[in-house]
Amino acid sequence: MVRTRFAPSPTGYLHIGGVRTALFNWLFAKKHGGQFILRIDDTDAERNVKEALQPILDGFRWLGMTWDEGADVGGPHGPYYQSQRLDRYQAAVKTLLDKGLAYWDYAKPEEVKAEREAAEKAKGSFLYSRKWMAETPAQRAALEAEGRKGVVRLKMPREGTCRFHDHIRGDMVVEWVTEQDHVIQRTDGSCLYNLANVVDDHDMKITHVIRAEEHLSNTARQIFIVDGLGIPRPEYAHLPFVAEPGSKNKLSKRKIAQYLKNPDFKKVYDHGQAIAQKIGLTTSADTFNPVIVDFFREVGYLPDAILNYLVLLGWSLDDKTEEFTREKMIELFSLERVNSAPASFDPKKLFAFQERYMQRLPVEEKTAMALPYLERAKLIASPPSAEAKQTVMEIVRAAGDRIKTAGDVLDYADFFVADDQLAYDEAAFEKRIRKPPEAVGLLRKFAERLSTASAFDAASLEKLLQDFVQAEKIEPPQIIHALRVATTGKAIGFGLYESMALLGKERCVARISLARGKA
RNA sequence: GCCCCCAUCGUCUAGUGGCCUAGGACAUAGCCCUCUCAAGGCUAAGACAGGGGUUCGAGUCCCCUUGGGGGUACCA
């Protein structure tokens with residue numbers, strides 16, 4: 001049984017790089033009919049774990065990446081919170097100590113630091129002198145009598161090599177001398193990552209450790225612990241980093257200000273910000289930006305589009321295939337085809353996937369996604385009336401591909417504002433209504449025809465307008481542009497006839513008259 | 001400093017010694033379509049980091065350099 005895991009720390013938000021790592025774990029487990037475990041790395045953050053964890057769990061659930069065991073759902077190999085597993089870690093420390101593979105050390109931090117700096121000055125590699133190592137209870141007592149506090153360190157071999165196979169990097173060989181006597185238990189009795197990780201993975205029966213490249217250098221020391229504990233080694237696969245837009249630096253949530261200088265990143269960010277503002281979301285760039293999953297959820301992206309983009313970040317099937325449903329992803333994913341070079345995150349390309357997925361979504365589903373945005377912007381009642389739903393569906397249908405994320409429906413807010421509250425795009429008004437000498441007159445004449453029109457559907461309106469154009473001996477654009485600005489307030493939008501049909505006769509006539517008044 | 005990993009268009013990538021005058025996608029530019037804006041169609045521009053080898057032949061194998069990243073914590 002294949003078992004993989006992802007172990008986020010409760011930081012309050014779900015990072016896109018983490019999702020990519022989790023996705024590969026999830027995919028690998030599903031592909032092999034295995035299980036995916038969500039463990040929580042909360043060793044140092046005891047406070048507000050619940051609040052800081054919720055957005056992460058919500059994010060994964062929204063993306064549809066469910067876990068078989070772990071936080072919230074429990075399971076037979078818990079607890080799944082590291083903060084609740086201290087006894088397990090201490091037991092492992094004791095085993096290592098008993099086997100002589102770890103030792104009590106009473107050096108003060110500054111004493112070790114001094115040794116390290118001396119080694120660096122001599123341009124050599126650092127190796128702790130083990131000067132304050134205590135091998136017997138008597139030695140311990142003596143050092144403690146001096147007022148020293150003990151930590152437990154790994155007694156790493158100083159000759160020979162550690163060999164292991166990595167599914168992505170191939171065969172790895174690490175000289176043991178290059179490894180330090182890493183601390184595994186602090187003076188306060190708490191344990192460190194390398195130890196906790198190994199213990200948890202074993203207790204939770206993890207078969208494949210699939211994680212980011214930053215852990216490649218941690219692997220040898222973890223293998224030392226694994227072997228020392230006499231437990232079986234898991235398989236390893238170290239994924240390349242997800243890098244910043246346009247660079248090879250590791251993607252970080254702390255550098256948003258810098259990413260915003262990237263035009264592609266900024267475009268996606270601005271698009272999301274505009275929507276957030278319209279629905280009254282208070283946001284700050286630190287917590288609401290295209291590096292955080294919640295951003296995409298709030299702006300109305302599709303989870304499938306995000307997953308499809310993410311699976312391609314470091315993995316590919318061949319030279320052509322780019323689109324994968326969840327089922328196909330699971331079927332076709334393999335570690336063998338994971339790239340070894342870092343991949344930089346490109347929100348523009350993610351957006352392109354979003355567009356494609358949105359285009360294929362049935363109108364009913366798009367409408368269902370769009371309604372909450374109009375409700376939150378207070379443009380329609382909440383819950384919406386059947387009539388409002390119908391109108392929104394017609395707008396969504398008419399808007400077609402223009403609605404790229406669900407929040408884009410807010411571009412058509414002018415259908416919901418009162419006629420006398422309609423805001424006009426000044427530049428467009430000037431260009432299409434005030435400036436052309438014939439515009440106002442044409443609008444007046446056309447409004448007259450409109451008010452006597454018997455049918456008000458798009459096709460009839462088109463006919464009506466064509467007849468008008470012929471009668472007046474003008475070109476269609478002369479009246480079309482003026483009409484669009486007069487009825488919607490804007491120079492851009494979907495088909496004019498559809499717009500007018502949606503507005504209905506009375507509102508069209510009223511808006512034209514109001515516009516003439518302002519001209 | 002020391003140890004380790006990585007290197008194909010701006011970006012994601014295909015490429016596992018001859019099929020590569022390097023293919024696809026996003027982005028970019030131009031044209032077409034057109035009531036605006038999208039969408040769509042067509043076209044263009046755009047890469048093997050550099051230097052040495054090995055080989056009949058190298059993007060593909062080896063070495064060096066350069067660049068990027070990670071580790072070297074009583075962080076994860």
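By convention in this document, chain letters (A, B, ...) are assigned in the order of the sequence lines, proteins followed by strands, and residues within each chain are numbered from 1.
Using modelled atom types, one side-chain atom of A:D408 and one backbone atom of A:T405 make a donor-acceptor pair closer than 3.5 Å. Checked by atom type and distance alone, the side chain of A:S460 never pairs as donor or acceptor with a backbone atom of A:F456 at under 3.5 Å.
Donor-acceptor pairing under 3.5 Å, judged by distance alone, is absent between the side chain of A:N197 and the base of B:A76. One can find a donor-acceptor pair under 3.5 Å joining the base of B:A25 and the side-chain atoms of A:K349. Interface remark: the A:R169 side chain does not form any donor-acceptor pair with the B:C5 base, using a distance-only criterion of under 3.5 Å.
Distance check on atom P: B:C6 versus B:C61 gives 12 Å, rounded to whole Å.
In this structure, A:D264 and A:F241 both approach RNA chain B, and ranking their closest nucleotides by distance from the 5' end singles out A:D264.
Partner assigned to B:A25 is B:U11, using Watson-Crick or G-U wobble distances below 3.5 angstrom. The partner of B:C56 is B:G18, by the rule that a Watson-Crick or G-U pair needs both atom distances under 3.5 Å. Pair assignment for B:A47: none, as no Watson-Crick or G-U wobble contacts are both less than 3.5 Å.
By the side chain to side chain donor-acceptor pair (under 3.5 Å) test, A:E336 is found to be paired with no residue, residues two or more places apart in sequence or in another chain being considered.
A salt bridge links A:K349 to A:E322: one of the charged nitrogens lies within less than 4.0 Å of a carboxylate oxygen.
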